[in-house]
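Right, one structure below, let's go through it.
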Amino acid sequence: MSRRNKIYEGKAKILYEGPEPGTIIQYFKDDATAFNNQKKGTLSGKGVVNNHISEYIFAALGNIGIPTHFVRRMSMREQLVKAVEIIPVEVIVRNVAAGGLSKRLGIEEGTPLPRPLVEFCFKSDELGDPLIAEEHVLTFGWASEDELDDITHYALRVNDFMSGLFAGIGIRLIDFKLEFGRLYEGEEVMTVLADEISPDGCRLWDMKTGEKLDKDRFRRDLGGEMEAYMEVARRLGILPSADITELAEHQQKKEG
Ligand code: CDP
């Protein structure tokens, strides 16, 4: 690890220079943050689980023709991705009212939306990722009109795919956050899905019990974060069960 050149360290991941030009290694940490970094913690094993969940979803999205930065998983906590220029807009897709939307508009959490809602936030920790309109994106040149079209189109396709994927394992996809980047290949620039998709950036509710299987367990001090993340991985059929047991034991020891 130490031989690698660190490019950037974020809240949940570290980016290192990849083995070839144009590649980057994403290293998934166990750090958890919420409320724009005001709440911090460590969830032992989270990085391992999120690396595997994100690998599974990005590979599946690639298979249905959605361009992504993902190349392959390299180890328990690392994946190789293509270097992209991140578009500074967080894209949130919602199927059911929760979190920020419920607060902002006074809609009870759990109210189904009549159609998927795509929202944009300006990616800025300093400003707390404020909600913006498409007009802001275009006015300030954060993305072009074509890129915004791509982003909205891909975001809705990701939502269709993930809603079905999770429904198949008894989980309701409430909402999630995506990030996109520009991939430069010769003369061409492509809009591709980047970052990660994991329970850190999704709301996932068990269909039968309504139990939260996502970062709200951490945000709202509900406990059992790792058990919930591992349950998502287990239902997706990923992570060898030995790893899950090991992670669970590790977590229990820490708590006990
Ligand atoms: O987190 P909060 O409730 O304030 O924000 P939200 O707008 O309701 O979040 C919608 C979805 O996007 C949730 O699944 C969040 O986990 C995710 N999100 C994220 O991953 N990163 C952010 N900076 C903001 C939202």
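Counting starts at 1 for both ligands and their atoms, following the listed order. Atom set for the values below is all heavy atoms of this structure, side chains included, hydrogens, waters and symmetry mates excluded.
Distance alone, capped at 3.5 Å, places no donor-acceptor pair between the Thr42 side chain and the Asp31 backbone.
Sorted pairs that involve residues 59-70 and meet side chain to side chain donor-acceptor pair (under 3.5 Å), not counting sequence neighbours, are lacking altogether. Under the side chain to side chain donor-acceptor pair (under 3.5 Å) criterion, no residue pair touches residues 130-143, with sequence neighbours excluded.
With salt bridges taken as basic N to acidic carboxylate O contacts below 4.0 Å, none links Glu55 and Arg77. A salt bridge does not link Asp206 with Lys208: every distance from a Lys NZ or Arg NE/NH1/NH2 to an Asp or Glu carboxylate oxygen is 4.0 Å or more.
The contact shell of ligand 1, taken as protein residues with any non-hydrogen atom closer than 4.0 angstrom, comprises Glu90, Ile92, Arg94, Ala98, Gly99, Gly100, Asp129, Asp175, Phe176, Lys177, Asp200, Gly201, Cys202, Arg203, Arg219.
Scored by the ring pair (Phe, Tyr, Trp, His ring centres under 6.0 Å) test, Tyr56 finds no partners at all (sequence neighbours excluded).
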